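One structure is given below, encoded as C-alpha cells.
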Amino acid sequence: MSLNLELFLNDLPTNISEKQGIYEYFKLYAVEPFNKFNKEQTKFILDKYKDPLKLEKALKIMINLPKSLSFKNLIKSTDYNLNFREKFKELNLRKDFKIKVSSYNSPHNFFNGTQYDMYFKNEVIGNFNFIFTYEKNNLTLRLKYMQGVKGKGSQLSSLSSRLNQDWMSRLLIFLKKYSEAKKINYVFEIPPKYTTANEKVYRKYAFENYLKRYLDNNIPISKIDFKNVPKEYLPEIKEIINSRKPKKTIPRLLLKTKRNLRKFQKK
C-alpha cells in the first residue's frame, strides 16, 4: 500500500470501510467507465475482490483499461491480468538482466498495476507497461510504454549490446511473437503528450522511441494505436508513415516496351 493511499484512508470517516476507501481512492484517478459505475457494479467489484490487497491490485489494473470496454469485459480483462501477473515468473534476457512484475518503486507510486521492471544485478534500470484486454470479446495484448530509468543509460546500453539489438526493439518483438504464438491480437500504442513534456521532448519519445521503432521492426500500421496522440501531430505522423512506404518502381522491361511504343507511334 502506497503512502498516499494510507494517508487517504486515515482521513476517511470511521463509517467507511477500508475496501470502500480503497475504491474511492482509485476512483479519483480513473476514467470512464470506471468513475461512472452504478451502485450495483460498485457492489459487484467490492464483493468479488473480498481481500483489500486483491481489491487494490484489481483497481490498479482497471484504471489502465480502455474506457470503451463493457463492464463484463472490464471484469474479464481484470481477472486475466491478475491471473497472468500472479503466475508470471521472472525472465532472463541475458546474464544479470531479468524481467519481473513491478512492485512499488517509490512510496508515492501506485500507478503500476500493469507494469513490469527490468533489473540489472537486482537494480531496476527500465520498465514497460502492457495489459491484456478483451475487446469485442477477443483477447488483445496492448503495449502502452517502454522507458529507461533516469541515470541508468550505461546499463541499458550494455543490455542492448549483449542483445545485439536495442532493448526496446527486442522487447516489442518479444511481445509480438508471444501474441502470435498464443494466437491473440496485439496493439502497440503511441503514448500521450504529458503536461511536463514540451513539443521537442514529445516528438523525440513519441516518434523516435515508438512510431519509427515500430515501423523499423515491421509492425503493421493496423497494429499501432494513435488514439493518445494530439490531433496537431497527426499530419507529421502521416508524413513519417508515407516516407517509409516503398516507392513504386517500373520494371526495366516495361520501360523498354513503353519507349518502343512511343517510337512506333512517332512513325
Side-chain angles (χ1 to χ4, degrees), residues 1-90 99-117 119 124 127-135 139-145 147 149-150 189 191-197 227-228:
M1 185 178 293
S2 69
L3 177 59
N4 284 346
L5 176 53
E6 287 186 5
L7 293 174
F8 181 84
L9 295 177
N10 288 337
D11 288 337
L12 289 175
T14 56
N15 63 329
I16 296 180
S17 68
E18 180 183 16
K19 288 177 60 178
Q20 182 66 42
I22 292 172
Y23 180 87
E24 293 299 327
Y25 175 76
F26 284 99
K27 186 177 178 180
L28 295 173
Y29 301 93
V31 295
E32 295 181 9
F34 189 121
N35 56 9
K36 289 191 176 180
F37 288 156
N38 58 40
K39 291 182 179 180
E40 289 75 17
Q41 291 170 331
T42 301
K43 184 177 184 304
F44 179 89
I45 291 172
L46 295 178
D47 289 343
K48 179 176 176 61
Y49 306 107
K50 299 183 184 301
D51 179 70
L53 180 59
K54 187 71 172 284
L55 174 65
E56 183 181 352
K57 290 179 178 179
L59 295 177
K60 283 182 181 180
I61 291 168
M62 285 186 194
I63 61 177
N64 285 304
L65 290 169
K67 63 181 181 181
S68 59
L69 296 186
S70 66
F71 184 75
K72 177 183 176 181
N73 282 341
L74 184 141
I75 297 299
K76 195 174 179 181
S77 300
T78 300
D79 288 344
Y80 191 97
N81 284 280
L82 281 173
N83 185 58
F84 181 86
R85 289 173 70 83
E86 287 174 0
K87 293 183 178 179
F88 186 88
K89 296 180 180 179
E90 65 179 44
I99 294 177
K100 301 179 182 181
V101 171
S102 179
S103 57
Y104 292 116
N105 294 325
S106 75
H108 298 280
N109 188 3
F110 66 88
F111 203 72
N112 59 1
T114 55
Q115 181 174 296
Y116 296 79
D117 292 334
Y119 284 79
V124 179
N127 48 59
F128 57 100
N129 186 317
F130 73 90
I131 190 168
F132 294 98
T133 65
Y134 279 94
E135 302 174 35
L139 184 61
T140 297
L141 183 153
R142 280 186 167 271
L143 174 64
K144 301 186 74 66
Y145 66 72
Q147 62 186 12
V149 172
K150 188 176 181 180
E189 297 185 3
K193 184 178 184 298
Y194 300 103
T195 54
T196 54
K227 73 175 184 298
N228 295 319

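Heavy-atom basis, side chains included; hydrogens, waters and symmetry copies ignored. Keep in mind the model is a prediction, meaning the values are calculated, not measured.
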- [ ] Might you work through the side chain to side chain contact (heavy atoms under 4.5 Å, CB included) test for L59 and Y23, ending with a clear yes or no?
- [x] CA-CA 7 Å; L59 295 177; Y23 180 87; 4.1 Å; yes

Task: From CA spacing to verdict: side chain to side chain contact (heavy atoms under 4.5 Å, CB included), E24, L12 - done: CA-CA 10 Å; E24 293 299 327; L12 289 175; 5.7 Å; no

Open item on the list: Apply side chain to side chain contact (heavy atoms under 4.5 Å, CB included) to residues Y25 and L9 and explain how you reach the verdict.
Closed with: CA-CA 8 Å; Y25 175 76; L9 295 177; 5.7 Å; no

Task: CA sep, side-chain torsions, deciding dist, call: I75, Y49, side chain to side chain contact (heavy atoms under 4.5 Å, CB included) - done: CA-CA 11 Å; I75 297 299; Y49 306 107; 4.1 Å; yes

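Counting only heavy atoms from C-beta outward, the side chains of M62 and F26 never approach each other to under 4.5 Å. Counting only heavy atoms from C-beta outward, the side chains of N73 and E135 never approach each other to under 4.5 Å. Taking 4.5 Å as the limit, some side-chain heavy atom of R142 sits within range of a side-chain heavy atom of P66. Residues F88 and I99 form a side-chain contact, since some pair of their non-hydrogen atoms from C-beta on lies under 4.5 Å apart. The shortest side-chain heavy-atom distance between K19 and K50 falls under the 4.5 Å cut-off. Using a 4.5 Å heavy-atom threshold, the side chains of L55 and I45 count as touching. S77 is listed as a side-chain neighbour of T133, based on a closest heavy-atom distance under 4.5 Å. The closest side-chain heavy-atom distance from K54 to E86 is below 4.5 Å.
Note that the CD1 atom of I22 and the CD1 atom of I16 stand 12.5 Å from one another [nearest 0.5 Å]. The structure places NZ of K36 at 12.5 Å from CG of N38, a figure rounded to the nearest 0.5 Å. Atom NZ of residue K27 and atom OG1 of residue T42 lie 6.0 Å apart, to the nearest 0.5 angstrom. Summarising the geometry, atom CZ belonging to F128 is positioned 8.5 Å from atom CG belonging to L143; distances are rounded to the nearest 0.5 Å. Between atom NZ of residue K72 and atom OH of residue Y134 there is a gap of 11.0 Å, rounded to the nearest 0.5 Å. Here the NZ atom belonging to K76 is positioned 13.5 Å from the CG atom belonging to L65, to the nearest 0.5 angstrom.
Ring pair F84/Y116 is perpendicular by interplanar angle, where above 60° counts as perpendicular and below 30° as parallel.
Of all non-hydrogen atoms in N81 and I61, the two that sit nearest each other are CB-CD1, 3.6 Å. Residue P191 comes nearest to N228 through the heavy atom pair C-CB, 3.9 Å, listed as atom of the first residue, atom of the second, then distance. Looking at every heavy atom in both residues, Y145 comes nearest to N127 through CE1-OD1, 3.6 Å. The two atoms that bring K60 and G113 nearest to each other are CB-CA, 3.5 Å, heavy atoms only.
Geometrically, R85 does not engage F132 in a cation-pi contact defined by less than 6.0 Å to the ring centre and at most 45° from the axis.
Other residues, nucleotides and ligands contribute more than 12 heavy atoms inside 6.0 Å of the NZ atom of K227.
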